[in-house]
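Okay, so here's the structure we're looking at.
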Amino acid sequence: VCCYIMDLDVFKQKKQRCKGIKKCSFLQRIATSMRYNELLVASNKIEIFTNFVIETYGRALLDDYIHLICVHGKDIPQVVEYFTSQYGFAKCCVLANCSWTQKHLIGDIDTTHDDYNFYLR
């Protein structure tokens, strides 16, 4: 079994539901896609992720991030904690060293404020 194969059944679910952070299909898809991306980047197979986004995730990607900001925007620290505990993402102590935000915010990070302020910009 190849290292970049994982369960992507969450993207086949048609029914959207959100009953809090731990029972939110939108957040489940975001976290699963982040994990999938991480595995593919580590395996130097990013083209597979690009195809996955185009062919499988599609419009739901935008819908998921809109839901994240509109519904859970004030709870980002709790979402990060949930992703860390449930999906095994590393907790970044300093945004300037975070691989997920670094590519978007190089030169634009103010590390003197709360770790999650960049979500509120």
Determine the minimum heavy-atom distance between Ser33 and Phe49, stating which atoms define it.
O-CE1, 3.4 Å
What heavy-atom pair brings Gly73 and Ile76 nearest, and what distance separates the two atoms?
O-CG1, 3.2 Å
Are the side chains of Asn37 and Val53 in touch, meaning some heavy atoms are under 4.5 Å apart?
no
Apply the hydrophobic cluster definition, ILVMFWY joined by side-chain contacts under 4.5 Å directly or through others, and give me every member besides Phe26.
none
Find out if a path of hydrophobic residues (ILVMFWY) with successive side-chain heavy-atom gaps under 4.5 Å connects Ile66 to Tyr57.
no
Count the heavy atoms of every other residue, nucleotide or ligand shown that sit under 6.0 Å from CG of Asp9, and state whether that count exceeds 12.
yes
Any link between Val71 and Ile69 through a network of hydrophobic side chains (Ile, Leu, Val, Met, Phe, Trp, Tyr) touching at under 4.5 Å?
no
Residue set satisfying salt bridge (charged side-chain N to carboxylate O under 4.0 Å, His left out) with Arg17, at least two apart, ordered chain then number -> none
Inter-residue atom distance Lys23.NZ - Cys18.SG, 0.5 Å rounding:
11.5 Å
Would you give the length of the straight line joining atom SG of Cys24 to atom CD1 of Ile30, rounded to the nearest 0.5 angstrom?
7.5 Å
Could you state whether Phe11 and Tyr36 fall into the same hydrophobic cluster, counting links through intermediate Ile, Leu, Val, Met, Phe, Trp or Tyr residues with side-chain heavy atoms under 4.5 angstrom apart?
yes
Short side-chain to backbone donor-acceptor contact, Arg29 and Leu61, under 3.5 Å
no
Distance (rounded to the nearest 0.5 Å) between Asn51 CG and Leu40 CG
10.5 Å
Less than 4.5 Å apart, side chain to side chain, heavy atoms only: is that true for Tyr87 and Gln28?
yes
Quick one: closest heavy-atom pair of Ser25 and Lys15, and the distance?
OG-O, 4.2 Å
Looking at every non-hydrogen atom in both residues, tell me the closest pair between Met34 and Phe89 and how far apart they are.
CB-CZ, 3.6 Å
Distance, nearest 0.5 Å, that separates OG1 of Thr50 from CD of Glu55:
10.5 Å
Would Val79 and Tyr82 count as a side chain to side chain contact (heavy atoms under 4.5 Å, CB included) if you check the C-alpha gap in whole Å, the side-chain angles of each, and the deciding distance to 0.1 Å?
CA-CA 5 Å; Val79 171; Tyr82 177 66; 5.6 Å; no
Side-chain touch Leu27/Phe83, heavy atoms, less than 4.5 angstrom:
yes
For the student: nearest non-hydrogen atoms of Gln78 and Lys74, plus distance
OE1-O, 4.4 Å
